[in-house]
Amino acid sequence: MPHGHSHDHGGCSHEATDVDHALEMGIEYSLYTKIDLDNTECLNEETDGQGKSVFKPYERRQDLSKYVQSDADEELLFNIPFTGNVKLKGIIISGANDDSHPNRVKIFKNRPRMTFDDAKAKPDQEFHLTRDARGEIEYSPKVVTFSSVHHLSLYFPSNFGDDNTRIYYIGLRGEFTEAHYHGVTICNYEARANAADHKEKAFDGVGRAIQ
């Protein structure tokens, strides 16, 4: 009987480890919450708004009900603005286990509203992709290159031979920093204005005292 208990306990420990790992990865891959979805665009998507649906929680990466499919040909281009600055450390790209899975991605940083013509330029990094139906393969961008990203463009020029490309999940891992530029500007302006007001009042006070 003790042996049976020990075996069960081992099973629980293993499951707990798997759960902990999934939770950890879920936290690591939470940059989708930092995407400015209202201004995110996917060029050549078959249906308007499809492209935005591939940015979802890590634990829903195998949900096949949400996906984007290319329209006129196999190309897809995502323009992804963030609500702050991102240090990009990992990317997961998951599609179907067939020829519609993209076979390459070209990554561009901080070039808002790119077009397919723009995407012919040299990318900041490029990966040759492996079919990944389960969302288990991570690609590692160059940390130095992608240490301060406020806009990310992902260009998928081709797939494994299908007429159209289909993507179920794009996961982004990294660190996020809030953008405070406007706040700093306003604070500085107010500080100068307050200082000026203070000097003016002090001068008036001195003036009245002399009179």
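- Contact annotation: the side chain of V149 never approaches that of N85 to less than 4.5 Å [non-hydrogen atoms, C-beta and beyond].
- In this structure, the ring pair (Phe, Tyr, Trp, His ring centres under 6.0 Å) partners of F55, at least two apart in sequence or on a different chain, are F78.
- A side chain to side chain contact (heavy atoms under 4.5 Å, CB included) with P102 is found for exactly one of L154, I167, D162, namely I167.
- Interatomic distance, CD of Q125 versus CZ of F146, reported as 5.5 Å (0.5 Å rounding).
- Under a hydrophobic-cluster definition in which Ile, Leu, Val, Met, Phe, Trp and Tyr are linked whenever side-chain heavy atoms come within less than 4.5 Å, directly or via other members, I93 and L43 are assigned to different clusters.
- No path of Ile, Leu, Val, Met, Phe, Trp and Tyr side chains, each step under 4.5 Å between heavy atoms, connects L88 with V143, placing them in separate hydrophobic clusters.
- Looking at heavy atoms from C-beta onward, T130 lies in side-chain contact with Y139 at the 4.5 angstrom threshold.
- Side-chain atoms of N164 and E46, non-hydrogen and from C-beta on, never get closer than 4.5 Å to each other.
- For Y169, the ring pair (Phe, Tyr, Trp, His ring centres under 6.0 Å) test picks out no residue, with sequence neighbours left out.
- Rounding to the nearest 0.5 Å gives a distance of 10.5 Å between OG of S153 and CD1 of I107.
- Of the possible donor and acceptor atoms, one in the side chain of K56 sits under 3.5 Å from a partner among the backbone N and O of K66.
- The shortest heavy-atom contact between G135 and S94 is N-OG, 3.6 Å.
- M114 has its side chain out of reach of Y155: every pair of non-hydrogen atoms, C-beta onward, lies at least 4.5 Å apart.
- In this structure, N44 contributes its side chain and E75 its backbone to a donor-acceptor pair below 3.5 Å.
- One N or O on the side chain of E45 and one on the backbone of G51 form a donor-acceptor pair closer than 3.5 Å.
- Linking Ile, Leu, Val, Met, Phe, Trp and Tyr whenever their side-chain heavy atoms come within less than 4.5 Å puts L76 and I35 in one cluster.
- Using modelled atom types, one side-chain atom of K109 and one backbone atom of T145 make a donor-acceptor pair closer than 3.5 Å.
- Across all non-hydrogen atoms, the minimal contact from A133 to A96 is CB-C, 4.5 Å.
- Put simply, the residue from D98, N159, N97, D99 that forms a side chain to side chain donor-acceptor pair (under 3.5 Å) with R131 is D99.
- Of the inter-residue distances, the one linking K106 atom NZ with K120 atom NZ reads 9.5 Å to the nearest 0.5 angstrom.
- Under a 3.5 Å cut-off, the side chain of E24 and the backbone N or O of E28 do not form any donor-acceptor pair.
- A donor-acceptor contact shorter than 3.5 Å is absent between the side chain of D63 and the backbone of P57.
- The heavy-atom pair separating T33 from S30 by the smallest distance is OG1-O, 2.8 Å.
- With N110 contributing its side chain and H150 its backbone, the two residues share a donor-acceptor pair below 3.5 Å.
- With rounding to the nearest 0.5 Å, the separation of CG in L37 from OH in Y32 is 10.5 Å.
- Contact between L31 and F82 at its shortest, heavy atoms only, is O-CE2, 4.4 Å.
- Side-chain contact check for R61 versus Y29: every heavy-atom pair is 4.5 Å or farther apart.
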(message) side-chain contact (heavy atoms from CB on, under 4.5 Å) for D124 and R111? Distances and angles first, verdict last.
(response) CA-CA 11 Å; D124 293 295; R111 304 191 205 182; 3.8 Å; yes
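- The CD atom of E138 sits 9.5 Å away from atom CZ of F127, with the distance rounded to the nearest 0.5 Å.
- Taking CG from L77 and CZ from F156, the interatomic distance works out to 9.5 Å, rounded to the nearest 0.5 Å.
- Between the side chain of E59 and the backbone N or O of G26, no donor-acceptor pair lies under 3.5 Å.
- Contact of the H101 side chain with the D132 side chain is registered, since non-hydrogen atoms from C-beta on lie closer than 4.5 Å.
- No donor-acceptor pair closer than 3.5 Å links the side chain of E74 to the backbone N or O of T165.
- No continuous path of ILVMFWY side-chain contacts below 4.5 Å connects V68 to Y168, so the two sit in separate hydrophobic clusters.
- Between K142 and V144, every side-chain heavy-atom pair lies at or beyond the 4.5 Å cut-off.
- Proximity of R113 to E41: side-chain heavy atoms (C-beta onward) are separated by under 4.5 Å at one or more points.
- Residues Y58 and I80 fall into different hydrophobic clusters, defined by Ile, Leu, Val, Met, Phe, Trp and Tyr side chains chained together at heavy-atom separations under 4.5 Å.
- Shown here is R104, whose CZ atom has more than 12 heavy atoms of other residues, nucleotides or ligands within 6.0 Å.
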